[in-house]
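As the structure lists them, so they are numbered: ligands from 1, and atoms in each ligand from 1. Position 1 is the first residue of the sequence, and the numbers go up from there.
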Amino acid sequence: MEEYKPTIVAFCCQWCSYAAADLAGSMRLQYPPNIKIIRVPCTGRVDIIHMLRAFELGADGVFLSGCLVGDCHFLRGNIRAAKRVESAKEILRSIGTDPSRLEMYYNSSAMGPQFAERCREFTKRIIELGPSGRRVSKAA
Ligand code: FES
C-alpha cells in the first residue's frame, strides 16, 4: 500500500517564519517535503479566502506562521491573522471539515528547529486525519 503523503500549505511571513524555514534548511534539519511554503509579507496579508482556497485546490492541511506576538513588522498583522484563522476554523467546522486542519503558529527567524518541529507535528496530525476530500478545482 502506498504511503499517504498529505499536501500542506504554509503561509509564512517573510520576516520571521520564512527565515526560520531557511535556517532549518541551513541547519540540515529534516521536515516533511510535502509542505508547500508560500512567502507572504506578513500573515496579516492572508485572508480567510486564501486559507479556504488552499483547501479547495487540494490542501489537506494549512497553517500560517507569523512573527512572535509583539514582533510583527506591521504591528498587529499576526494578531489579525490569528483571528481570521479562528473564523476560518468555524467555516471549516460548519462544512464538516475538522478545524484542526488549519493552524496558526508563531516563529522568530531564529527558531529554525522549532519551525521544523512544528512542520513534523502538523504533518503527523494531518496524516492521522487523512485526506481532506475538499478539493473542488484545479489551480488556474
Ligand atoms: Fe511577520 Fe506580520 S510581519 S507576521
Side-chain angles (χ1 to χ4, degrees):
M1 193 169 121
E2 199 174 307
E3 189 187 345
Y4 166 55
K5 292 189 181 110
T7 300
I8 294 173
V9 172
F11 292 100
C12 292
C13 161
Q14 67 177 351
W15 300 102
C16 51
S17 297
Y18 192 80
D22 241 7
L23 178 62
S26 312
M27 295 172 75
R28 300 187 187 280
L29 298 170
Q30 297 279 322
Y31 64 88
N34 50 299
I35 295 180
K36 300 176 188 325
I37 295 180
I38 298 175
R39 186 169 71 169
V40 293
C42 171
T43 52
R45 177 67 185 81
V46 183
D47 216 331
I48 291 173
I49 193 71
H50 300 125
M51 303 172 210
L52 299 179
R53 186 77 176 131
F55 285 107
E56 274 189 357
L57 293 173
D60 299 307
V62 175
F63 71 82
L64 277 64
S65 189
C67 298
L68 298 175
V69 174
D71 286 348
C72 174
H73 288 59
F74 299 91
L75 302 179
R76 297 181 44 81
N78 51 1
I79 304 296
R80 288 193 188 97
K83 286 182 180 164
R84 288 181 193 140
V85 165
E86 287 310 309
S87 298
K89 279 176 179 261
E90 282 304 315
I91 293 170
L92 290 175
R93 191 176 286 118
S94 73
I95 60 171
T97 296
D98 192 317
S100 64
R101 290 181 181 277
L102 177 63
E103 206 54 78
M104 177 82 203
Y105 293 122
Y106 306 92
N107 292 288
S108 75
S109 58
M111 293 171 69
Q114 291 86 342
F115 180 83
E117 180 58 27
R118 287 185 173 123
C119 288
R120 288 192 293 270
E121 281 174 10
F122 190 71
T123 299
K124 186 168 172 270
R125 180 197 300 182
I126 300 302
I127 287 173
E128 285 168 8
L129 289 170
S132 78
R134 285 289 163 205
R135 184 185 182 120
V136 294
S137 59
K138 291 186 176 189

Check ion pair [X]-[Y] (N to O, under 4.0 angstrom):
X    : Y    : answer
R125 : E103 : yes
R53  : E56  : yes
E90  : R93  : yes
K124 : E121 : no

Taking all heavy atoms of T7 and all of K36, pick out the closest pair and write down the distance.
CG2-CE, 3.8 Å
Contact atoms of ligand 1, heavy-atom distance to [X] under 4.0 Å:
X   : result
C42 : 2 (Fe), 3 (S), 4 (S)
T43 : 4 (S)
C13 : 1 (Fe), 3 (S), 4 (S)
W15 : 3 (S)

Of the side chain and backbone of C16, name the one, both, or neither that has a heavy atom under 4.0 Å from an atom of ligand 1.
side chain
For ligand 1, the portion of C67 having any non-hydrogen atom under 4.0 Å away
both
Considering only non-hydrogen protein atoms, determine which one is nearest to atom 3 (S) of ligand 1 and report residue, atom name and distance to 0.1 Å.
H73 N, 3.2 Å
Is the closest heavy-atom distance from G44 to ligand 1 below 4.0 Å?
no
Does M104 share a hydrophobic cluster with M51, counting links as ILVMFWY side-chain heavy atoms below 4.5 Å and allowing steps through other members?
yes
